[in-house]
Amino acid sequence: MGDKVYDVLVIGAGHAGCEAAVAAARMGAQTLLVTMNLYLVAQMSCNPAIGGIAKGQIVREIDALGGMTGVVTDHTMIQFRMLNRSKGPAMWSPRAQCDKQAFSLYWKSVLENQTNLELRQDVVDSLIIDDSVVTGVVTVAGKRLMARKVIVTAGTFLNGRIHIGEVNFAGGRLGEMASFHLSDQLSAAGILTKKLKTGTPVRIDGRSVDFSKMEEQPGDEEPGAFSFSTRTRLQNQLPCYITYTDEAVHSILRKGFAKSPMFQGRIQGVGPRYCPSIEDKIERFADRNRHQLFLEPEGRSTYEYYLNGFSSSLPEEIQIEALHHLPGLENAVVLKPGYAIEYDYFDPMQLHFTLESKVIGNLYLAGQVNGTTGYEEAACQGLMAGINAVLSLRGDSPLVLSRSEAYIGVLIDDLITKGVQDPYRMFTSRAEYRTLLRQDNADHRLMPIGHRLSLVNDMQYQAMLEKYRIQSEIVDYLKVNAASPVEVNPYLESVSTPPIQQKVKYEVLLRRPNVQLADLIRVIPNLMEDLNRLGATPEIVVQADSDIKYASYIEKERELAKRMVNLENVKIPVEMEYDDLNFLSKEAREKLSRVRPLNLGQASRISGVSPSDIAGLMVFLSHR
């Protein structure tokens, strides 16, 4: 590795680093991935699961762009559930429990078999920066590794500090050392550095649990998959279990507040608003006398279980005492105590929309170092950083996804235009175009981009085109053909919707909330034969049903997106001197100078920039 200059060097092999490294290498860049421990790549540091509300949509988008998180999940999951089925398809979100060790090992095999990618177990101590441009890194042993682009995906390891009650010590994860100098160097170079905090629950010996006292939560009877290319289906799913806290448990936990690093001020970092510790829950929601907890298996070949919802940094003895008052866990043996970790992150408002730093050229930041929380949020940032690093090397236009194209676009736009005050977690409510951004149509939205970047192969791309050709034909069929009263009335009555008196087109019937295309196929043999002849699959049937049911909503969101595109099309010169624009408010000038939006659409979403500021900017730009 002596004098070699890599195209892309990635620091850290978490979920962001793995996606960044594979994307860069598959796009033809000579890539080096440096990590502290090659046997702990893509570790599931917290719960052993991928997906969930909005997060599942992100994983499907990663897959559609050619990323690997969905593929790895499908090969290592032990349970699959589609969440929110009782709501509309825009809210459906896939979630999988994974075999934690198998997940990491599968990712490792992906990395090891990737052309153009080299791996190195080492610790990066600092960056080599020449005239505000990064040109390589220096390891703790003094080794210089040169690169044209550097992507930092260091997770919670930058100045990481672990807290368990009154005990605290340096660490990036329990049992792993932290990274100390890199964050300080970047801070000294002008990158705004702040602290966040996250936590994790106890791990429990499953042999000491009385599962009969808990509510079993099985996977779906017909489990799905994350990757659009996955053909095999999950077998022999493992169940999760549900239990609840009560006032007795809360009273025990309160005894530890006097030694809580969070309540006593030893933790300065802000914790996650939407995934609080158990002590934070009972303090913030004092009116609730119980909280739901999920006991989740960590794999097929281990008896270790994860107690989701019981994240804590209280003294270990308090954690165990409270644990033993939970139904089914009276005799639970703790394998690892819960703990909080405080770590450095960098203000994402100092990034370009490509995730390249505005302060240091050729430096990209991705994952928790940008203030996000969650494997999925990290993975999509890594993918985008890897893609944009290579596009920049080529001199090509960057890839910046809009808010109407992907949840990934929403996430990055939020980070850069709004910043973060607490660890950022994606929710469907953050997206204005939820009906457009369904988990089932991510391939249609994004696979053309992945194919253009050579991250999606021809076979996958052609399969996607064929799927949507069939779906279009099925929708056309449902608009033209009709069901008779004899065929459909018994079913309509069974789902509590009025019977029909004459033939009614399938499209009209499907607009009724209770009527499902899959059910019509089941009760009308002719319909089943016709759709099978067209090439229908269960996946295509669900999507065709959704497109018909939500056609009016989809059209409204498309119109809204088109109007927003008008703002997005009004480009703002990067060198714009906002301080000279006296028609803008002082706050708007400050915020616009800091964020440097690429267009009026991005400018309109910056907190502190008013509609009148945007109107003034539009007039000014039209006169330039």
Side-chain angles (χ1 to χ4, degrees), residues 9-18 20-21 32-46 100-101 103-105 107-108 111 119-128 136-145 150-188 191 193-203 261 266-269 304 311 313 316 335-346 365-373 375 378 382 423:
L9 187 151
V10 181
I11 302 172
H15 302 267
C18 288
L32 175 65
L33 175 59
V34 183
T35 188
M36 290 181 177
N37 191 334
L38 284 170
Y39 288 95
L40 296 176
V41 303
Q43 270 290 290
M44 291 180 147
S45 309
C46 204
K100 182 176 180 176
Q101 187 176 27
F103 186 92
S104 179
L105 289 173
W107 248 121
K108 187 169 186 285
L111 298 172
L119 308 178
R120 180 182 176 91
Q121 182 165 302
D122 212 333
V123 179
V124 173
D125 187 64
S126 61
L127 303 181
I128 302 170
V137 306
V138 181
T139 71
V140 289
K143 180 73 175 177
R144 292 168 66 88
L145 302 168
V150 174
I151 304 174
V152 176
T153 67
T156 60
F157 282 74
L158 298 178
N159 288 333
R161 192 154 200 88
I162 291 170
H163 296 263
I164 306 174
E166 294 181 302
V167 177
N168 66 84
F169 49 89
R173 279 189 295 249
L174 196 61
E176 297 176 64
M177 65 181 181
S179 172
F180 297 106
H181 301 125
L182 184 57
S183 179
D184 297 338
Q185 180 195 20
L186 294 179
S187 179
I191 292 180
T193 306
K194 302 178 184 179
K195 287 195 178 293
L196 288 175
K197 164 247 167 186
T198 190
T200 191
V202 295
R203 281 12 179 233
R266 289 189 293 279
I267 293 179
Q268 301 301 314
E304 192 169 342
S311 173
S313 61
E316 184 175 353
L335 300 172
K336 185 192 300 182
Y339 64 90
I341 182 166
E342 191 176 25
Y343 56 94
D344 288 352
Y345 81 101
F346 307 118
L365 304 174
Q368 283 185 277
V369 295
N370 289 338
T372 60
T373 181
Y375 313 138

Is the closest side-chain heavy-atom distance between [X] and [Y] below 4.5 Å?
X: Arg173; Y: Ser45; value: yes
X: Val137; Y: Val34; value: no
X: Phe180; Y: Asp125; value: no
X: Asp344; Y: Lys194; value: no
X: Tyr343; Y: Gln368; value: yes
X: Leu111; Y: Val41; value: yes
X: Tyr339; Y: His163; value: no
X: Val123; Y: Met177; value: yes

Straight-line distance of [X] [atom1] to [Y] [atom2], nearest 0.5 Å:
X: Asn370; Y: Leu365; atom1: CG; atom2: CG; value: 5.5 Å
X: Lys195; Y: Glu342; atom1: NZ; atom2: CD; value: 5.5 Å
X: Phe157; Y: Glu176; atom1: CZ; atom2: CD; value: 4.0 Å
X: Ser179; Y: Leu158; atom1: OG; atom2: CG; value: 5.5 Å
X: Tyr375; Y: Gln43; atom1: OH; atom2: CD; value: 8.5 Å
X: Gln121; Y: Asn37; atom1: CD; atom2: CG; value: 5.0 Å

Keeping [X] on the side-chain end and [Y] on the backbone end, is there a donor-acceptor pair under 3.5 Å?
X: Thr153; Y: Ala16; result: no
X: Thr193; Y: Ile191; result: yes
X: Tyr345; Y: Leu196; result: no
X: Gln185; Y: Leu127; result: yes
X: Thr35; Y: Gly12; result: no

>> Run Leu174 and Lys336 through side chain to side chain contact (heavy atoms under 4.5 Å, CB included) and show every step you take.
In response: CA-CA 9 Å; Leu174 196 61; Lys336 185 192 300 182; 3.4 Å; yes
Looking at every heavy atom in both [X] and [Y], which two are closest together, and how far apart are they?
X: Gly172; Y: Thr156; answer: O-OG1, 2.8 Å
X: Ile164; Y: Pro337; answer: CD1-CG, 4.1 Å
X: Cys18; Y: Ala13; answer: SG-O, 3.5 Å
X: Arg144; Y: Val138; answer: CG-CG2, 4.2 Å
X: Thr200; Y: Ser311; answer: N-OG, 3.3 Å
X: Cys46; Y: Arg203; answer: O-NH2, 3.2 Å

>> Applying the side-chain contact (heavy atoms from CB on, under 4.5 Å) criterion to Arg120, which one of Leu38, Leu145, Leu33 satisfies it?
In response: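 Only one option passes, and that is Leu145.
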>> Can you tell me which residue among Val140, Ile11, Val152 is in a side-chain contact (heavy atoms from CB on, under 4.5 Å) with Val124?
In response: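 Per the side-chain contact (heavy atoms from CB on, under 4.5 Å) rule, the option paired with Val124 is Ile11, out of Val140, Ile11, Val152.
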> Does CD belonging to Glu304 count more than 12 external heavy atoms closer than 6.0 Å?
Replying inline: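 Yes.
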>> Let's go through Phe346 and Ser183 carefully: what are the C-alpha distance in whole Å and the side-chain angles of both, what is the deciding distance for side chain to side chain contact (heavy atoms under 4.5 Å, CB included) to 0.1 Å, and is it a yes or a no?
In response: CA-CA 9 Å; Phe346 307 118; Ser183 179; 3.9 Å; yes
